[in-house]
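Following: one structure in structure tokens, then a few remarks.
Below, read A as the first sequence line, B as the second, and so on, with proteins coming before strands; counting in each chain starts at 1. Any value given below was found using the heavy atoms of this structure, including those in side chains, with hydrogens, waters and symmetry copies removed. Since we're looking at a predicted model, the values are computed, not measured.
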Protein chains: 2
Amino acid sequence: MTNRYRIGDLATRLAVPTQTIRYYEHEGLLPKPARTEGNYRVYGIAERERLTFILHCRALDMTLDEIRHLLRLRDAPGQGCAEVNAVLDAHIGHVAERIRLLNDLQLQLKDLRARCESPSTSKDCGILQGLASFPTAQDGGASRAGGHGRRAQE
Amino acid sequence: MTNRYRIGDLATRLAVPTQTIRYYEHEGLLPKPARTEGNYRVYGIAERERLTFILHCRALDMTLDEIRHLLRLRDAPGQGCAEVNAVLDAHIGHVAERIRLLNDLQLQLKDLRARCESPSTSKDCGILQGLASFPTAQDGGASRAGGHGRRAQE
DNA sequence: AGAGACTTTATAGTAGCTTCAAGGTCAAGC
DNA sequence: GCTTGACCTTGAAGCTACTATAAAGTCTCT
Ligand SMILES: [Zn+2]
Ligand SMILES: [Zn+2]
Ligand SMILES: [Zn+2]
Ligand SMILES: [Zn+2]
């Protein structure tokens, strides 16, 4: 029977750092697990499935709040699932909005890049000049619209 | 002559919070400015232009590190501007990568959403089931690739 | 002199972790 | 029996780019 895990087992199997598991517990996404005599956390299949669920949601870039919401719905199996759809649709909207913003950004960036096809000295570089004088102060930019973000390495 | 600003003037004119200006100073993007007798910061046209430059870069979603890099190049006006192009091209790559990831994500999300066209009880909801059993543990997902992220309100 | 608008610094909070430090637990080896 | 090493525990700090709060000092007007 593979239905008793310590935190490291679970972490290895689901390819997630142990600290992240503890963090999810701290954040109330995972329940406080049973403990061994030596105070080690012990997980069963239910917790493993719950963590799998959470990780899938994170892979889809949902916030922990969105995931909490879905977990609550999942914990009330008799309810209708219209609300599940609503959460998902909202999140699809977040991603769509971010794509829209980034596409705008990409256009602006390529426009800026085109100002220096013939590299000279930076004093005369069209890129640096463009960055110093674009219309930004009033508005017209694509910044600051809805949809939560993501952060990556490098 | 409008070439002496206090922090609030600058903030109003460039539509940025005063705290952000101080933060940029703290981060070394803006130099330590002169002070009045009463210890108030005083800015001139050079600082205003520098801040404008920074804000344009931020509007294009560059990191403060990327901006620091560009400012260094800007401060060495005799140098060639090949490096400016390199920074910009790298950043264009970051944005492109994020767009790619988000498009992947959007596909997965729509796929998931399609598993529940006929809302029933959450116990049988295809969405919740999909989230509990997707292939995520090993790999195959689009997560964790380059390009820095963005955060927004809501 | 006192009100109000501005400024100063320092500190904490945001999201979702990651990394570090200092120590406790457990099985194996000598 | 005792040490080594792998694992586990908690707590706190660091990351990005701000944002918000607090407590106090400065300036201007009346
Ligand atoms: Zn969302
Ligand atoms: Zn150039
Ligand atoms: Zn970049
Ligand atoms: Zn459903």
Side-chain angles (χ1 to χ4, degrees), chain A residues 4-30 32-43 51 54-69 91 94 98 143-144 146-154, chain B residues 4-30 32-43 51 54-69 91 94 98 143-144 146-154:
Chain A
R4 295 273 119 184
Y5 314 97
R6 282 185 309 172
I7 199 169
D9 301 339
L10 201 55
T12 304
R13 262 169 233 264
L14 301 188
V16 63
T18 56
Q19 292 98 325
T20 301
I21 299 177
R22 284 192 278 258
Y23 176 70
Y24 289 159
E25 177 185 334
H26 180 74
E27 292 300 302
L29 301 177
L30 289 173
K32 301 218 172 208
R35 300 286 185 135
T36 65
E37 282 216 350
N39 199 31
Y40 286 12
R41 288 171 177 82
V42 184
Y43 298 99
L51 179 54
I54 295 168
L55 294 176
H56 290 155
C57 290
R58 283 299 294 141
L60 294 170
D61 210 18
M62 295 183 203
T63 63
L64 298 193
D65 262 354
E66 286 168 329
I67 298 170
R68 249 184 288 265
H69 196 159
H91 181 62
H94 300 158
R98 276 205 285 153
S143 271
R144 320 189 183 301
H148 46 76
R150 158 168 288 257
R151 204 148 289 281
Q153 73 280 33
E154 159 219 15
Chain B
R4 294 272 118 185
Y5 313 99
R6 281 184 310 170
I7 198 169
D9 301 340
L10 199 56
T12 303
R13 263 168 232 263
L14 301 188
V16 64
T18 56
Q19 291 99 325
T20 301
I21 298 177
R22 285 192 278 256
Y23 176 69
Y24 288 158
E25 177 185 334
H26 180 75
E27 292 300 302
L29 300 178
L30 290 173
K32 302 219 171 206
R35 301 285 185 136
T36 65
E37 282 217 349
N39 199 32
Y40 285 14
R41 288 171 177 81
V42 184
Y43 297 100
L51 179 54
I54 295 168
L55 294 176
H56 291 155
C57 289
R58 283 300 295 140
L60 294 171
D61 210 18
M62 294 182 203
T63 63
L64 297 193
D65 261 355
E66 286 169 329
I67 298 171
R68 248 183 289 264
H69 196 158
H91 181 61
H94 301 157
R98 276 204 286 152
S143 268
R144 325 194 177 297
H148 47 76
R150 159 169 287 256
R151 205 147 290 283
Q153 75 280 34
E154 161 221 11

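Side-chain nitrogen and oxygen atoms of B:Arg35 include at least one within less than 4.0 Å of the OP1 or OP2 phosphate oxygen of C:dT9. Between A:Thr20 and C:dG16 there is no side-chain N or O to OP1 or OP2 distance below 4.0 Å. Applying the 4.0 Å criterion to OP1 and OP2 of D:dC18, one finds that B:Arg58 has a side-chain N or O inside that range. For B:Arg41 and C:dT7, the shortest distance from a side-chain N or O to OP1 or OP2 is not below 4.0 Å.
Heavy atoms only, all atoms of each residue included: A:Pro17 and A:Ala11 are closest at C-CB, 4.3 Å.
Residue A:Thr63 is classed as a sugar-phosphate contact, given heavy-atom separations below 4.0 Å to backbone atoms only. In this structure, A:Arg22 reaches the bases: a heavy-atom distance under 4.0 Å links it to at least one base atom across the strands shown.
The nearest whole Å value for the distance from the CG atom in B:Asn39 to the P atom in C:dA10 is 11 Å. Put simply, CZ on A:Arg68 is 8 Å from P on C:dG16, counting in whole angstrom units. Rounded to whole angstrom, the span from the CD1 atom of A:Ile21 across to the P atom of C:dG16 amounts to 17 Å. Computed from coordinates, the B:Tyr40 OH to D:dT28 P distance equals 8 Å when rounded to whole Å. As rounded to whole Å, 14 Å separates atom C1' of D:dG14 from atom OH of A:Tyr23. Separating the CD atom of A:Glu27 from the P atom of C:dA15 is a distance of 9 Å, rounded to the nearest angstrom. Straight-line distance from the CG atom of B:Asp9 to the P atom of C:dA5: 16 Å, rounded to whole Å. Residue A:Ile7 contributes atom CD1, which lies 15 Å from atom C1' of C:dG24 at whole-angstrom precision.
With DNA chain D read from its 5' end, the first of the two nearest nucleotides for A:Arg6 and B:Arg6 is the one closest to A:Arg6. Nearest-nucleotide assignment on DNA chain C puts the 5′-proximal partner with A:Tyr24, out of A:Tyr24 and A:Thr36.
Of the listed nucleotides (D:dT19, C:dT18, C:dC17), D:dT19 has the atom at the smallest distance from the side chain of B:Gln19.
A donor-acceptor contact shorter than 3.5 Å is absent between the side chain of B:Arg98 and the backbone of A:Arg98.
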(Q) Run A:Tyr5 and A:Thr12 through side-chain contact (heavy atoms from CB on, under 4.5 Å) and show every step you take. (A) CA-CA 10 Å; A:Tyr5 314 97; A:Thr12 304; over 6 Å; no
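The side-chain contact (heavy atoms from CB on, under 4.5 Å) test with A:Cys57 is passed by exactly one of A:Leu64, A:Thr63, A:Ile67: A:Ile67. The residue from A:Met62, A:His56, A:Arg58 that alone fulfils the side-chain contact (heavy atoms from CB on, under 4.5 Å) condition with A:Leu60 is A:Met62.
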